[in-house]
Amino acid sequence: MDIKKLVLPHLFEIKPYVPGKPIQEVQRELGIDDVLKLASNENTIGPSPKAVEAIRAAAAGVNFYPDGGCYYLKEKLSAKLGVGSDSVVVGSGIDELLRILCVSCLGPKDEVIFADPSFVMYKISAMVADATLISVPCKDRYYHDIPAMLDRVTDRTKLFFLCNPNNPTGTIVKKADVELLMSKIPEHVLVVFDEAYYEYASDPDYPQTMEYFKSGRDVVIFRTFSKVYGLAGLRAGYGIMSEELAGVFHRVRNPFNVNELAQVAALAALDDDEHVKRVVEANAAGRKQFYAAFDAMGLEYAPSDANFVLVDIKRDSEEIFNALLKKGVIVRPGRFLGFPTGLRVSVSDEKANARFIAALKEVL
Ligand SMILES: Cc1ncc(COP(=O)(O)O)c(C=O)c1O
């Protein structure tokens with residue numbers, strides 16, 4: 001069979017997502033046991049012990065399908081965020097919710113706006129829907145250029161992605177810029193706030209976008225259990241949106257899109273504020289540890305409100321990435337992220353951060 005004739009032609013234009021290199025792969029390929037992965041902005045401190053206990057308790061029941069409606073998780077998120085539970089949609093990570101949104105809203109000739117560089121799944125999911133990509137270069141290397149992004153809005157624009165904090169730069173779009181965006185964006189455009197790193201943001205100028213939702217604006221807010229809650233391996237994220245749009249998500253999603261263990265772990269994680277606090281504090285300290293080291297090494301970095309830092313090593317990132325791998329440290333080379341001389345490194349605990357810093361000094 002000619003697969004080229006079978007498959008929709010536009011899908012061949014998609015470059016597959018390149019994930020962070022898995023620990024086991026480095027162990028296998030390089031024969032190194034003690035591998036440190038700082039490549040995928042995971043929470044390396046780990047999940048809440050309460051979540052681990054909930055997973056254990058639920059493990060023997062996985063012969064049953066999960067609750068496809070995620071009733072308890074939606075109720076809990078609704079109470080926590082002060083929004084109706086019918087406005088909460090849970091998915092197998094934000095990744096799945098982005099895909100559902102794109103295939104539900106976009107078709108050929110529809111336009112979607114996002115920053116460049118930003119989270120690559122906006123591009124991939126919009127390409128699956130064969131939409132027209134409008135990527136707007138960041139200003140001063142690291143920052144969403146809201147006026148320039150607004151200039152690109154047309155009658156055909158349907159989705160406007162704002163990644164806040166932004167991946168891979170870690171920078172935020174501040175309140176005033178979000179206010180500007182919300183005052184200018186035409187009614188036919190849905191503003192999508194991707195707040196995967198929401199809990200890590202510490203800048204007092206970080207906007208509380210839930211207020212726009214609560215005041216009836218057409219926005220979608222995505223958050224996740226993969227980052228601060230440390231449940232990336234289970235896949236759970238959620239979106240806050242109008243009930244009408246949530247109804248569309250329920251039509252399009254798979255019936256059991258969030259597995260049982262993810263649901264019980266997420267519920268338990270929401271009960272452990274202490275753990276979240278510990279993770280956020282360790283992360284803030286870790287960012288400072290990185291900044292101090294990069295300052296001492298004379299390396300420029302983007303100020304981060306997330307759990308990773310993008311640093312300019314002023315050398316080919318692929319070469320330094322490979323040299324770090326040989327020392328058992330996995331980071332993300334900037335080549336795939338729009339920064340050929342950048343490394344994106346996830347923040348970990350003090351000891352792990354120090355190991356990365358020492359390795360970086362050696363390889364540079
Ligand atoms: C900005 C951003 N959005 C979404 C995701 C995906 O999140 P999830 O694990 O919930 O699919 C990531 C993952 O790195 C991310 O950086």
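Along the sequence shown, residues carry numbers from 1. Indexing begins at 1, ligand by ligand and atom by atom, following the structure's order.
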With T341, the side-chain contact (heavy atoms from CB on, under 4.5 Å) member among D312, I320, D316: D312
Looking at R152 and E111, is any side-chain nitrogen of the basic one under 4.0 Å from a carboxylate oxygen of the acidic one? no
Any idea which residues sit under 4.0 Å from ligand 1, heavy-atom distances? G93, I94, D95, F119, C163, N167, D194, A196, Y197, T224, S226, K227, R235
Relative to the ring of F249, is the ring of F222 parallel (under 30°), tilted (30 to 60°) or perpendicular (over 60°)? tilted
What pair of heavy atoms forms the shortest contact from R235 to S92, and how long is it? CB-OG, 3.3 Å
Just by modelled atom types, is the Y142 backbone N or O under 3.5 Å from a matching donor or acceptor in the T171 side chain? yes
Heavy-atom donor-acceptor pair, Y238 side chain to L97 backbone, under 3.5 Å: no
